[in-house]
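Have a look at the structure below before the remarks.
Naming convention: chains lettered A, B, ... in sequence-line order (proteins, then strands); numbering from 1 in each chain. Please read all numbers here as calculations on a predicted model, not as lab measurements.
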Amino acid sequence: MADDMPQHRYDAETADELETRWQAQWLADGTHHAPNPAGHLADDPLGVADRPKLFIMDMFPYPSGSGLHVGHPLGYIATDVYARFKRMSGFNVLHTMGFDAFGLPAEEHARQTGEHPRSNTENNIANMTRQLDRLGLGHDKRRSIATTDEAYYRWTQWIFNQIFNAWFDPDAGKARPIAELEAQFASGERTTPDGRAWGALSPSEQRSVLHDFRLAYVSEAPVNWCPGLGTVLANEEVTADGRSDRGNFPVFKRPLKQWMMRITAYADRLLEDLDLLDWSDSIKTMQRNWIGRSEGAEVRFAVDAASGDAASATTIDVFTTRPDTLFGATYMVLAPEHPLVDTLVADAYADNVNPAWTAGAATPAAAVAAYRARVEQMTDVDRQENKEKTGVYLGVHATNPVNGESIPVFIADYVLMGYGTGAIMAVPAQDERDWDFAMEFGLPIIRTVQPPADFDDAVPGDGAYVGDGPAVNSSFLDGLGVEDAKASIIEWLEANGSGVGMVTTKLRDWLFARQRYWGEPIPIVFDDDGNPISIPDEHLPVNLPELIDWAPRQLDEDSEPEPPLGRATEWATVDLDLGDGMKTYRRDLNVMPQWAGSCWYYLRYIDPVSDDVIVEPTSERYWMGSSPTDGLAESDEGAGGVDLYVGGVEHAVLHLLYSRFWHKVLFDLGHVSTAEPFKRLINQGYIQAAAFQDEREIYVDAASVEGDAQSGFTFDGTPVTRSFGKMGKSLKNSVTPDDMYAAFGADTLRLYEMSMAPITQDRPWETRSVVGSQRLLQRVWRNIVDEQTGELAVSDDAPSEELLRALHKTIDGVTADMDNLRYNTAIAKLTEMNNEVTKAAGPTPRVIADAMVRMLSPLVPHMAEELWSKLGGAGSVVWAHFPVADASYLVDDQVELPVQVKGKVRGRVRLAPDADESIALGAATADENVAAHIAGAEIRKVIYVPGRMINIIV
RNA sequence: GCCCGGGUGGCGGAAUCGGUAGACGCAGGGGGCUUAAACCCCCCGAUCCCUUCGGGGGUGUGUGGGUUCGAGUCCCACCCCGGGCACCA
C-alpha cells in the first residue's frame, strides 16, 4: 500500500479497528438488551419497556463445521437493519439468535473421529458465533439458546409431555388435557370401546384405551433397518437401489413401534388460519397443497355373490371427491398392495374373459402375483415417467350401490395405497386417469356430466370432462350442477347406508421418532405391559447417556432394529415411583427429530431463564401479542405472533407447519396467548456465485480461476466453463465473511449485501463489485472527517435551502424504504444524497452530517457509531432517533414536467406543482418544439395531471 | 401435466397509484489533479437516422395482439427461465 495514502482514510484497517472497538463497547454496555415487561430480564436502564414492542427473528442456523460463507448472513443482516431502524423509530425490539444444534452431522462426525457430538457441536457454535459477532449484529445475547442445552431441551420434553397428555376433542375443535377424557370415561359420559365400566378396567387396560386418543401416540411404521451399520437410516440416507448411502450395505424395511403426532387433527385449523398470516401467497399455497384437503364421500361397494364365498362377504370402500359421478362408475381399482386383494382374488377367470385383462396369466392369482412383482421392481422414477396405464383383473365384480350395476374389479399401480382408502371407483367419463385406463382395457364410458357444446364430444377422440355442468344419465341427479349433485348423492348414500360424506387430507400424522443418538430423548418409560407412561415434569430433563460406543456393530439380516440408545444398557432401564410404588421401567430408546427443537425456540427467546414455567406469561403476551403500532397493522387481524420472521424458502412446509401445530396445541392448553407463532414471514433469496468446471465436469476452486467471459476462463492454465449456482462447498465457490472483513470491513460487507437486490431475490455474488459499497462509505467519511488529521470537519453554518430539500426528500424516501425492507433503494437514495453533499462546496453542515449518520446507522452501525461519537452525539447512535422529514421541504416550488403531444414527449416545462391547467397549457405551448408539433392543428383535448405531466391531443 | 414467481443496457438492479424507461452501483470510455501511476474529483454511456452541432426524429422493457390521450406497469394468446407439486381419486 502506498505510504502517501491519507492516514485517516476509511479503509479496511480503519474499519477493523473501529468495528471491533465498538462491538466490545456494545457488549460491555448491554446496548442491544431488550427489557421484558416482567419477570427475568426486566432491567430497563434506558426506559424503553413501555414502548410498543417488535419481535424480530431469523430462522436459526445449524452450527455446521465448515463455517459460514457470505450467503448465510444475508437474512441476518436484513433483520438487523430492520431491528436497528425500528429501535430508532421508537420500538422496544427483541432480536437474538440461537442454534439448532441437534442433528445428524455431529453424530456422523463422532462415528468417524470419536469426538463426542457435544464437544463437536460446542466447537462449531463457538466458531460460528465468532463469525457472526464480527458482523455487528445487534442481538440481545442474553437470550441466545441452543437446542442442545439441557435447560432448553428439558422444555422440549415438557412440550412432548403436554402433547402426550392431551387429546383432540372434535366437538370443541381443540386439544384438551387427557385427564378430562378420563373423567368422561369415569363418569360414564363416554362409553369405553368394549362397553365395560371404566372402573372395571385394569389400570393397564385404562392406559391402553386412553392411548388411542393421545396427540402423541405409538404406532407401528416401517423403518429402514441397516444391519450392516447396526442402525436405522433416514429415507435420504438410503440409495435408490435400497442400499445404505454410507458403506453400501443392504437396507431392509422393518416395522418398528414409533412415535406419531396427531397433526392431522389440526388440518382444518392449520388451513383456515393461513388467512390470518402475512406470508407470501406461494408459501401459503405450498402449505395448502401439503395439507391437501379434499371433500367427498366414502362409498361402499358390495362384492358380487357369484364371486365366491370368501369374497362375497366383503365390501370395498372407496374414497371419491366426485360422488356425483357415481352413475358413471364402470369399474373399480384397488392399489396392488391393498390388503383386500388376497381375499378378493377369484380362483379362476371366466371362459370369456377379455385377454387384455389377464396379462396372459392362467388364473387371477397368477396375474396378481406377476403384476405385483413387476410393480415392486419399478423405481419411483420409473413410475413417475411411465404413466401408461397398466393393471390386471381380479376375476371378481362388485355392485354399484346406486344402480345395481355389476362392475369389474382391477388392481393397478395408478391407485396409491397411501391416499384415501387405497381403492377407487373409476369414472372414465369424468376423470382423465380413469379415461386412459378404460381406453387401454376396453371398459365402458358413461357421461354423467353434460360437457358444454364446444367440448369435443366425439368418442373416443375427446377425453374426460372434469368441469361443471348438468348431471345426465344419473337418475334422480339429472339436471343438477356438480355441487348440488354431490350434496344430493351424499344424502342418498347416508340414507341408504351405502356411504358417508367424508373429508380426506394428504397430510399424514407426523412420524416423530428417530433411531438416533444426537437428539432429545423421548421422556417416556414403558411398564411391564408395554404401555407408555410419560416421565413426570419434575423429573425432566431426561438427559442423554454420555457413554456411547460409536463403533459400527455388524448384525445379520434377521436382527431386530435397535436404536443407538439401546446400547446404553444401564441408562435403558430406570427405577421410578410413578404413583404405585418404586418399580423398574424400560426407557423409550428413540430421540426426537431435529424439527422438535426448532418448533418453539421463539418462546424461549422471550424468557430463556425461568425454570418453573416454559415462558413467563406477562412477557409472552407482550412479545407475542398483536402490536397495533408495529407498522404492519394493515393486515393485522389479531393472530399475533412474531412480528417478522425471515428465513429460507426450504422451510416453507415442514418446519413452519410443525411449529404452527405445536403452537396451536400450546394455545389450546393455555400456555401461549396467540393462535399463530409467526405473524409475518419473509423468505430471503440466496446468494449465487459463479462456479467453474474442468473438462471432466469436476468443480474447481472458483477463487483460483483466471480470465473473463470474453477471453475465456482458465484454472491452472487449462480452460474451464462457467455456470452459476447457490454458493456452497459442493460448487467450490464459497467466499467467506472473514475474507470480506479483512479486505473491506464488516460495514462494507453489510452494505454490499443489502444493496445488491431486494431481500426476497436471489443475487449473484461479485467480489469485485464490493468496492462500490466501500467507496460510498469512504465518501461519507470524507464528508465528515478530515482524512489527513482524523479530526471532525463539519461546519456549524446553516445548509443551503437546496441541500435541505435534498436531505428531507432523502429522509422521507429512506424511511419508507426501510419500513418495507427495500434496503437496495434506501441505499441508492443515501448515495444520491451523499453525492449532493460532496458536490456542495465547503465543509458539510453539521445538521446534514447528523442526519446522514443517523440514517446510515442501521446499515453500517460501526461507522455510524464512530461518526456519531465524533459529532458529539449523546449516548449510542443505536438509541438515537431516526430523522423525521419536514413536510415543508418535500414540496418543490417548481417541478419539471414533460409535455406530450399525442402521447409523445416533445418538450419539458418548469411549473409550480399546483399550477392550474391554463397556466400549464400556456407554458407548454410556449415551448418551441411543442409549438412546432401542434402548429396548424386544432387542440382537441388537454390531459393535465398537476405535478406529473401534460398531454395535448390535436 | 398442474400451481406459484420472473423475463428491463455488457452486468446487478430502479421506475411503489397507468404519467419523463434505464435511478444507484459494477465494468467501460473521456477529462482534471500528478513528473508519473494509484487514490480522488468531474463528465459520457440503449439503438438507428437527420443536423445549420442548438438540437430534431424513428425504434426500444421476452414475442404477437388489445384497452387507453398515454402501457415496463392493465387484459388476451404464446415463448423462455427459476421454484414447488406430480397418477392424491
If you only use heavy atoms from C-beta on, which nucleotide in [options] is closest to the side chain of [X]?
X	options	value
A:Val771	B:rC26, B:rU59, B:rG25	B:rC26
A:Asn929	B:rA21, B:rG19, B:rG56	B:rG56
A:Ala757	B:rG13, B:rG58, B:rC26	B:rG13
A:His933	B:rC40, B:rG56, B:rC85	B:rG56
A:Gln900	B:rG19, B:rG57, B:rC26	B:rG19
A:Arg775	B:rC69, B:rA14, B:rC40	B:rC40
A:Arg9	B:rC40, B:rC24, B:rC26	B:rC40

With a 4.0 Å cut-off on heavy atoms, is [X] in touch with a base, just the backbone sugar-phosphate, or nothing at all?
X	value
A:Glu896	base
A:Ser294	sugar-phosphate
A:Arg822	base
A:Thr825	sugar-phosphate
A:Asn951	base

Distance-only polar pair, side chains of [X] and [Y], donor-acceptor under 3.5 Å:
X	Y	result
A:Glu295	A:Thr321	no
A:Ser755	A:Asn824	no
A:Tyr686	A:Glu650	yes

Note to self: Take N1-N3 plus N6-O4 or O6-N4 for Watson-Crick, N1-O2 plus O6-N3 for G-U, both under 3.5 Å. Which runs of 3 or more such pairs involve RNA chain B?
What the structure shows: B:1-7 with B:79-85, B:10-12 with B:24-26, B:28-32 with B:40-44, B:46-50 with B:55-59, B:62-66 with B:74-78
Next item on the list: Go through the steps for A:Arg322 and A:Asp324 under the test salt bridge (Lys or Arg N to Asp or Glu O under 4.0 Å), then give the verdict.
Entry: CA-CA 5 Å; A:Arg322 293 295 303 275; A:Asp324 60 299; 3.0 Å; yes
Note to self: Aromatic contact between A:Tyr331 and A:Phe437, with the criterion being ring centroids under 6.0 Å apart: yes or no?
What the structure shows: yes
Margin query: For A:Trp765 and A:Tyr752, I'd like to know if the aromatic rings sit close, meaning centre-to-centre distance below 6.0 Å.
Written below: yes
Next item on the list: Please confirm whether any donor atom in the side chain of A:Lys389 sits under 3.5 Å from an acceptor in the base of B:rC87, or the reverse.
Entry: yes
Next item on the list: Only one of A:Asp436, A:Thr390, A:Asp434 passes side-chain contact (heavy atoms from CB on, under 4.5 Å) with A:Tyr414; say which it is.
Entry: A:Asp434
